[in-house]
Amino acid sequence: MNNYLKSSFLLLGLACSFSAEVLAQGTVEDYNRAYSLRQKYSARNVLYSDVVPHWINKSDAFWYIRNTEKGKEYVKVDASDSKRIPLFNHEKLSAALSELSGKEVEPYALSLNSVLFNERQDTLRFIFDGKHWAYSLKKNRLISEGNVKPAAPQPHWMVVDDEKNGSPVTSPDGKYVAFIKNDNVYVREISTGKEKQLSIDGTLSNYYSSYIQWSPDSKSVVSCRIRPIEKRYVYYVESSPSDQLQPKLHKQEYAKPGDELRFKVPCIFNVETGKALIPSTELFSHQYELLGPSWNDDSKAVTFEYNERGHKVYRVLEMSATDGSVRTLIEEKEEKYVNYPRIYRNYLSDGKRIIWSSERDNYNHLYMYDRATGKPTHQITKGEWYVRGVQYVDEQNEVIYFSANGMNKNEDPYLIHYYKINFDGTGMVELTPEEGMHKCWFSADHKYLVDVYSKVDQAPVAVLRNASNGKICMNLEKADISALVENGWKAPEVFSAKGRDGKTDIWGVIYRPSNFDPSKKYPIVEYIYSGPGDQYVPKTFSSYNWWMTSLAELGFIVVQVDGMTTSFRSKEFEEVCYKNLKDAGLPDHIAWIKAAAKKYPYMDIDRVGIFGCSAGGQESTGAVLFHPEFYKAAYSACGCHDNRMDKIWWNELWMGYPVDESYSACSNVDNAHLLTRPLMLVVGEMDDNVDPASTMQVVNALIKAGKDFELVVIPGARHTMGDDFGEHKRYDFFVKHLMGVNPPSWDKIKK
């Protein structure tokens with residue numbers, strides 16, 4: 001046999017060997033097993049978990065639901081004596097419900113909504129079977145109180161309130177009512193009915209807000225004069241409405257980057273003299289948003305907050321009710337952006353101090369401000385860690401209860417713990433020392449807290465603690481996952497590796513199939529939702545991850561990573577995103593995946609796919625456009641593919657204002673011609689979060705560039721990863737393009 005034939009047979013043998021290995025994954029059996037995990041790994045198979053305490057009125061007692069072997073058990077705990085007792089007699093209540101509702105109700109299958117417990121009257125109120133019920137615990141008497149009324153429809157969150165529908169407002173002394181008439185501010189004397197016009201310059205195009213506020217001394221009112229703008233709307237065609245044959249046209253208010261915004265000016269009017277104070281707008285002249293105003297307790301001034309367009313300046317301002325002058329109390333100024341959604345503020349009741357949060361030292365911390373000087377007196381919290389929230393400010397004892405991450409250097413830096421600290425920055429106490437992601441609920445008097453903590457690889461634990469020192473008063477529950485383990489469940493792995501700079505730790509998780517075999521080679525699929533505003537890798541226990549668990553079962557290693565551009569590590573870590581959302585932390589993700597594959601050779605670094613929705617839709621498409629050498633296939637759902645097409649607040653905060661060439665550089669539309677890898681685009685035709693046209697413009701650009709791709713449009717769907725149909729399409733897409741095999745026929749798969 002000549003060398004050519006020998007080489008040919010050798011290559012053929014390798015190909016057959018590779019094919020046999022690949023064909024062992026992505027089979028009908030794998031699909032059926034993957035879909036079966038929804039039930040096998042259901043949260044119903046986790047006992048004594050999902051503790052959510054409900055503190056009763058202002059007492060030191062609370063109730064919660066225990067997930068026991070019998071079913072749901074409603075229990076009450078009195079923190080003062082650390083005893084757990086049934087909230088009600090399950091058998092008696094279920095029997096009463098069965099009799100009155102005409103339905104068979106099993107005692108421990110009860111599912112009560114909106115439970116309210118009146119301890120004084122010893123009465124339990126709840127919703128069951130679409131009706132309100134009241135149950136006397138003493139008399140074991142159940143009363144039906146009528147059907148539940150449907151909730152009034154709420155405005156879509158993108159709708160900007162025009163402030164025209166506020167009700168008339170009565171003065172604190174009860175003598176006057178303030179209201180809007182003909183776009184101006186009026187007051188009416190209640191005793192005589194006599195009306196008085198306070199403003200005279202209100203017009204249709206420069207009207208006064210109906211959200212009028214009285215000064216505490218009843219001498220003045222404040223209202224904002226508003227110069228409106230012509231709003232932008234996005235239009236949707238609902239192709240297949242459920243109530244008619246023909247399509248429907250919908251529209252939704254939707255401001256986009258660069259759009260003109262309204263302008264607000266707070267104006268103060270003295271009711272007796274009619275004197276109007278219209279301030280200079282010098283300190284709030286370039287508005288993105290103006291919040292407030294609200295009166296100071298002494299009635300001498302109003303306070304409001306100014307968010308400058310472009311978000312490089314944020315000010316707390318005070319306007320005098322004597323002369324209308326405006327001064328700065330607090331000013332945040334940044335070269336890139338002030339992270340205004342993250343600001344915590346507490347205007348203390350003494351009228352002299354403000355607790356304020358800021359990232360000015362590269363981490364989110366609390367500062368104490370003096371209102372008189374408009375300067376910080378001191379920094380309350382400090383260090384290379386991140387304040388995540390303030391739960392309570394005890395002004396009497398000058399103590400702050402707060403949560404933070406990154407303080408414990410020997411653990412995952414994203415894990416949240418709870419603390420207390422004095423106003424002067426001394427006496428910090430860690431209330432939840434155990435390693436884990438903690439979530440706490442405090443009693444009304446803040447003497448106690450219920451703490452539930454877990455990790456992705458550690459089942460939840462619930463304890464009752466003393467809120468002054470964190471000491472455990474009572475062990476409430478420890479989740480039992482034995483049924484999960486018997487069904488083959490294995491915890492994901494928490495993995496960390498160095499990022500793009502070779503020194504910063506990047507954290508993520510690894511999901512493997514239940515029949516994992518380290519002797520096989522597994523393609524890698526990354527689930528991505530990245531970028532600023534949050535961190536996204538799960539940190540708490542979950543029996544089933546909808547995006548990763550079943551996908552891994554097909555024969556993939558599925559990962560998720562928090563790289564640079566995400567939040568809660570440091571300002572510097574997040575600011576990589578600025579005018580650069582296309583970065584998406586992908587250089588860190590690539591370094592992390594390479595490190596994982598080096599440690600685990602069964603991870604096939606040559607077959608890496610990626611998928612995501614919304615920002616993740618933009619990022620997954622960006623991965624194959626800007627990093628095709630690493631990412632070999634992408635599934636992208638409802639992506640904000642061009643930041644000029646998406647909602648104003650997200651994009652102007654991170655991409656800046658005015659709209660410039662950075663928007664184009666980050667655009668998947670303008671860079672669609674770079675596509676060289678398989679891509680599946682998915683969009684819901686009724687997406688009310690990201691304009692569906694954002695996806696369709698990518699489609700248009702790909703067609704013009706002569707690129708091959710797949711498009712899935714889901715009728716009636718809103719902001720979605722693809723629903724069940726899209727999930728199956730996603731499975732098939734990665735099986736085909738990363739495993740190199742044809743997916744099994746849908747009619748052979750049991751879902």
Check [X] against [Y] and note the closest heavy-atom contact, atom names and distance.
X	Y	value
Asp687	His719	OD2-ND1, 2.9 Å
His90	Pro107	CD2-O, 3.5 Å
Gly531	Glu619	N-OE2, 3.8 Å
Leu37	Thr549	CD1-CG2, 4.0 Å

Exercise. Run the numbers on Tyr48 and Glu69 for side chain to side chain contact (heavy atoms under 4.5 Å, CB included), then give the verdict.
Key: CA-CA 9 Å; Tyr48 305 100; Glu69 294 89 342; 2.5 Å; yes
For [X], look at atom [atom1] and say whether over 12 heavy atoms of other residues, nucleotides or ligands are found less than 6.0 Å away.
X	atom1	result
Lys439	NZ	no
Lys498	NZ	yes
Lys707	NZ	yes
Lys248	NZ	yes

Carboxylate-amine/guanidinium proximity below 4.0 Å for [X] and [Y]:
X	Y	result
Arg66	Glu73	yes
Glu727	Arg38	yes
Asp604	Arg607	yes
Lys729	Asp732	no

Quiz item: Pairs in or reaching into residues 623-642: which pass salt bridge (charged side-chain N to carboxylate O under 4.0 Å, His left out), with residues at least two apart or in two chains?
Solution: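 Listed once each, the pairs are Asp642-Arg644.
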Main-chain N/O of [Y] paired with [X] side-chain donor or acceptor, under 3.5 Å:
X	Y	value
Tyr635	Met721	yes
Lys521	Pro601	yes
Arg677	Pro628	yes
His737	Leu679	no
Asp562	Tyr536	yes
Asn67	Ser49	yes
Glu685	Ile714	no
Glu553	Tyr35	no
Gln244	Gln246	yes
Asn700	Gln697	no

Roughly how far, to the nearest 0.5 Å, is [atom2] of [Y] from [atom1] of [X]?
X	Y	atom1	atom2	value
Glu238	Asp243	CD	CG	7.5 Å
Asn668	Ser694	CG	OG	8.0 Å
Lys598	Ile605	NZ	CD1	12.0 Å
Ile127	Ser111	CD1	OG	11.5 Å
Ile416	Ser403	CD1	OG	5.5 Å
Leu681	Thr695	CG	OG1	6.5 Å

Non-hydrogen side-chain atoms of [X] and [Y] separated by less than 4.5 Å:
X	Y	result
Pro492	Met548	no
Leu484	Tyr41	yes
Glu493	Tyr600	yes
Asp583	Phe626	no
Ser530	His589	yes
Phe611	Phe734	yes
Trp507	Val537	no
Glu526	Tyr631	yes

Quick check on the 6.0 Å ring-centre criterion: do [X] and [Y] meet it?
X	Y	value
Phe725	Trp746	yes
Tyr453	His438	yes
Tyr522	Phe516	yes

Between [X] and [Y], does any side-chain donor sit less than 3.5 Å from a side-chain acceptor?
X	Y	value
Ser567	Glu574	yes
Gln618	Asn643	yes
Tyr236	Asp691	no
Lys751	His728	yes
Asn45	Ser42	no
Asp723	Thr720	yes
Asn689	Lys647	yes

Quiz item: Between Val450, Asp50, Val51, Val452, which is the residue that forms a side chain to side chain contact (heavy atoms under 4.5 Å, CB included) with Tyr64?
Solution: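 The residue from Val450, Asp50, Val51, Val452 that satisfies side chain to side chain contact (heavy atoms under 4.5 Å, CB included) with Tyr64 turns out to be Val51.
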Exercise. Measure from NZ or CZ of Arg512 to the centre of the six-membered ring of Tyr602 and say whether it is under 6.0 Å with the direction within 45° of the ring axis.
Key: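 No; the conditions do not both hold, so Arg512 does not lie above the ring face of Tyr602.
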Quiz prompt | For Phe541, all residues meeting ring-ring contact (aromatic ring centres under 6.0 Å, His included), sequence neighbours excluded | solution =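 ring-ring contact (aromatic ring centres under 6.0 Å, His included) list for Phe541, sorted by chain: Trp489.
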Exercise. Indicate the ring-plane relationship of Trp133 and Phe126, choosing parallel, tilted or perpendicular according to the 30° and 60° boundaries.
Key: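 Trp133 and Phe126: parallel rings.
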Quiz item: In terms of ring plane angle, is the pair Trp547 and Tyr527 parallel, tilted or perpendicular, where the classes change at 30° and 60°?
Solution: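 Tilted, since the angle between the ring planes falls between 30° and 60°.
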Self-check item: Step-by-step side chain to side chain contact (heavy atoms under 4.5 Å, CB included) determination, Tyr731 to Ser550
Solution: CA-CA 9 Å; Tyr731 290 177; Ser550 286; 3.2 Å; yes
Quiz item: Which residues satisfy the salt bridge (Lys or Arg N to Asp or Glu O under 4.0 Å) test with Arg718, sequence neighbours excluded?
Solution: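 If we apply the salt bridge (Lys or Arg N to Asp or Glu O under 4.0 Å) test to Arg718, skipping adjacent residues, the hits are Asp688.
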Exercise. Under the side chain to side chain contact (heavy atoms under 4.5 Å, CB included) rule, what do Glu411 and Lys455 come out as? Steps first, then yes or no, please.
Key: CA-CA 11 Å; Glu411 65 180 36; Lys455 297 190 295 183; over 6 Å; no
Exercise. Begin from the C-alpha positions of Phe556 and Asp30 and carry the test side chain to side chain contact (heavy atoms under 4.5 Å, CB included) through to its verdict.
Key: CA-CA 11 Å; Phe556 297 105; Asp30 292 325; over 6 Å; no
